[in-house]
Amino acid sequence: MRLATWNVNSLNVRLDQVLAWLEHSPEGSKVDVLVLQETKLSDDMFPFQAFTRAGFDLSFFGQKTYNGVALISRHPISSVVKNMPTLDDPMARVISAKVLGLRVIGAYFPNGQDPLSDKFVYKMKWLSALQAWLTTLRLEPEPIVLMGDFNITWDDLDVWDPVGLKDSIHCTHQEREHFQALVDLGLLDAHRSIHPEGKKFSWWDYREGGWPRNKGMRIDHILLSLSLKERLLACEIDTEPRGHERPSDHAPVWVDLKD
DNA sequence: ATGCCTCAGCTCCTGAGA
């Protein structure tokens with residue numbers, strides 16, 4: 001089975017790219033479950049028929065202009081949870097469901113903007129709430145797949161210029177300590193596990209020729225319960241859509257698990 | 001360069017993204 005995450009930076013703009021990618025993801029295999037971030041659509045504006053017509057089950061949860069998440073699946077989904085029970089959050093950032101015997105979570109972590117800003121304080125609070133939620137979720141029988149736009153680099157191998165970007169947003173030790181705490185709960189960074197050499201990125205700034213110069217960061221991640229480790233077959237960042245016309249600034253990331 | 005792109009909206013500027 002293939003599971004994937006993609007920050008689309010407006011589903012209105014990227015709908016056709018998402019539908020095409022669902023049918024033609026790399027190396028022949030089709031995506032079974034895709035989570036989206038930054039749909040930027042209120043629920044009454046969500047183009048759900050485009051997905052149901054194509055045979056998908058889905059759930060979505062959004063707001064206009066900012067945030068918004070969706071979970072799109074070729075298989076029936078159940079036990080949908082929107083946002084985290086551990087945080088009263090006005091922003092639409094998390095969507096979760098049981099599918100294929102897994103607890104799949106799609107998340108759009110707060111950006112944080114600047115380590116000295118109120119938004120960074122909110123990011124820390126949000127990360128603590130996620131940790132608290134996962135602490136109870138991992139007691140349930142379904143293995144966990146936590147994927148999305150984390151807005152955190154795991155370490156310097158995830159950063160094109162770790163010296164110049166030292167201690168800047170997505171690279172601070174506070175953010176990375178939260179990432180480590182998730183790993184310490186018994187979650188595996190699927191991509192790093194397959195690619196220990198690092199230096200593969202999932203986001204490139206629209207400005208400064210970030211993409212053509214490969215000045216990027218790996219901030220989109222897929223974490224797996226350790227019980228899924230022996231089922232892990234592959235995990236890749238598909239950089240192809242980043243080169244399209246009107247691309248999202250994020251690339252989709254996918255993982256293949258033994259059925 | 002507290003900008004460089006891109007997107008959405010109380011849309012011809014501004015805030016936010018990362």
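Per chain, numbering begins at 1; letters A, B, ... match sequence-line order. For clarity, every value in this text was computed on a predicted model and none was experimentally measured.
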(message) Does B:dG17 have its OP1 or OP2 closer than 4.0 Å to a side-chain nitrogen or oxygen of A:R207?
(response) no
(message) So which atom in A:A251 and which in A:T239 form the shortest heavy-atom distance, rounded to 0.1 Å?
(response) CB-CA, 4.4 Å
(request) Please tell me which of A:N111 and A:P247 maps to the more 5' nucleotide of DNA chain B, matching each residue to the nucleotide holding its nearest heavy atom. (result) A:P247
(request) Kindly say if A:H170 contacts the phosphate of B:dG17, meaning a side-chain N or O under 4.0 Å from OP1 or OP2. (result) no
(message) Test: salt bridge (charged side-chain N to carboxylate O under 4.0 Å, His left out). Region: residues 14-23 of chain A. Which pairs qualify, not counting sequence neighbours?
(response) A:E23-A:K30, A:E23-A:R74
(request) Grab the CZ-P distance between A:F120 and B:dA16 for me, whole Å please. (result) 18 Å
(request) Please list, chain by chain and in numerical order, all residues satisfying side chain to side chain donor-acceptor pair (under 3.5 Å) with A:Y206, sequence neighbours excluded. (result) A:N9
(message) If the cut-off is 4.0 Å, is A:Y206 near the phosphate of B:dG3, judged by side-chain N/O to OP1 or OP2?
(response) no
(message) List the residues meeting side-chain contact (heavy atoms from CB on, under 4.5 Å) with A:P247, not counting sequence neighbours, and say none if there are none.
(response) A:R242
(message) Can you see if the side chain of A:N9 gets near the phosphate of B:dA8 - specifically, an N or O under 4.0 Å from OP1 or OP2?
(response) no
(request) Kindly state each residue pair satisfying salt bridge (charged side-chain N to carboxylate O under 4.0 Å, His left out) with at least one member in residues 155-172 of chain A, sequence neighbours excluded. (result) A:D155-A:R192, A:D156-A:R176, A:D158-A:R192, A:D158-A:R218
Protein-nucleic acid N or O pairs under 3.5 Å, nucleotides 10-15 of chain B:
residue: B:dC10; atom: OP1; partner: A:K64; partner atom: NZ; Å: 3.4

(message) Taking B:dC4 as the reference, what is the distance to B:dG15 when you measure between their P atoms (whole Å, please)?
(response) 14 Å
(message) Using atom C1' in both nucleotides, what's the gap between B:dT2 and B:dA18 to the nearest angstrom?
(response) 15 Å
(request) Apply side chain to side chain donor-acceptor pair (under 3.5 Å) to A:H75 and list each qualifying residue two or more places apart in sequence or on a separate chain. (result) A:D32
(message) Distance check needed: B:dA8 C1' versus A:R246 CZ, whole Å only.
(response) 12 Å
(request) Measure the distance from NE2 on A:H250 to C1' on B:dC7 and round it to the nearest whole Å. (result) 13 Å
(request) Determine the contact category for A:F150: base if any of its heavy atoms lies under 4.0 Å from a base atom, sugar-phosphate if only primed atoms, P, OP1 or OP2 are that close, otherwise nothing. (result) nothing
(request) Mind checking A:D114 for me? I need base, sugar-phosphate or nothing, with any heavy atom below 4.0 Å counting as a touch. (result) nothing
(message) Rounded to whole Å, please give me the gap between CE in A:M91 and P in B:dA16.
(response) 10 Å
(request) Could you give the distance separating B:dT6 and B:dT11 at their C1' atoms, to the nearest angstrom? (result) 15 Å
(request) May I ask you to say what A:D149 touches in the nucleic acid, namely base, sugar-phosphate or nothing, with a heavy-atom cut-off under 4.0 Å? (result) sugar-phosphate
(message) Using every non-hydrogen atom in the two residues, find where A:I77 and A:A97 come nearest and quote the distance to one decimal.
(response) CB-CB, 4.0 Å
(request) Quick one: pull up CZ in A:R231 and OG in A:S225 and give me the separation to the nearest 0.5 Å. (result) 10.5 Å
(message) For a quick test of reading the model: is some side-chain N or O of A:Q113 closer than 4.0 Å to OP1 or OP2 of B:dA18?
(response) no
(request) Just grab all the side-chain hydrogen bond (donor to acceptor under 3.5 Å, both in side chains) pairs involving residues 77-92 of chain A, residues at least two apart or on different chains. (result) A:D89-A:Y122, A:D89-A:W126
(message) Below 4.0 angstrom, which residues in residues 13-21 of chain A have at least one non-hydrogen atom near DNA chain B?
(response) A:V13, A:R14
(message) My understanding is that only residues two or more places apart in sequence, or in another chain, count here; which of them pass side chain to side chain donor-acceptor pair (under 3.5 Å) with A:R2?
(response) A:S25, A:D256
(message) Between B:dA18 and A:N151, counting only base atoms on the nucleotide and side-chain atoms on the residue, is there a donor-acceptor pair under 3.5 Å?
(response) no
(request) May I have the distance from A:N12 (atom CG) to B:dT6 (atom C1'), rounded to whole angstrom? (result) 14 Å
(message) What is the separation between atom CG on A:D205 and atom P on B:dG3, rounded to the nearest whole Å?
(response) 12 Å
(request) Mind calculating the distance between CD (A:E38) and C1' (B:dA18) to the nearest angstrom? (result) 9 Å
(request) Taking atom P in both B:dC7 and B:dA1, compute the distance separating them and give it to the nearest angstrom. (result) 28 Å
(message) Would you call the rings of A:H250 and A:W203 parallel, tilted or perpendicular, taking 30° and 60° as the class edges?
(response) tilted
(request) Would you mind reading off the distance between A:H244 atom NE2 and B:dT6 atom P, rounded to a whole angstrom? (result) 16 Å
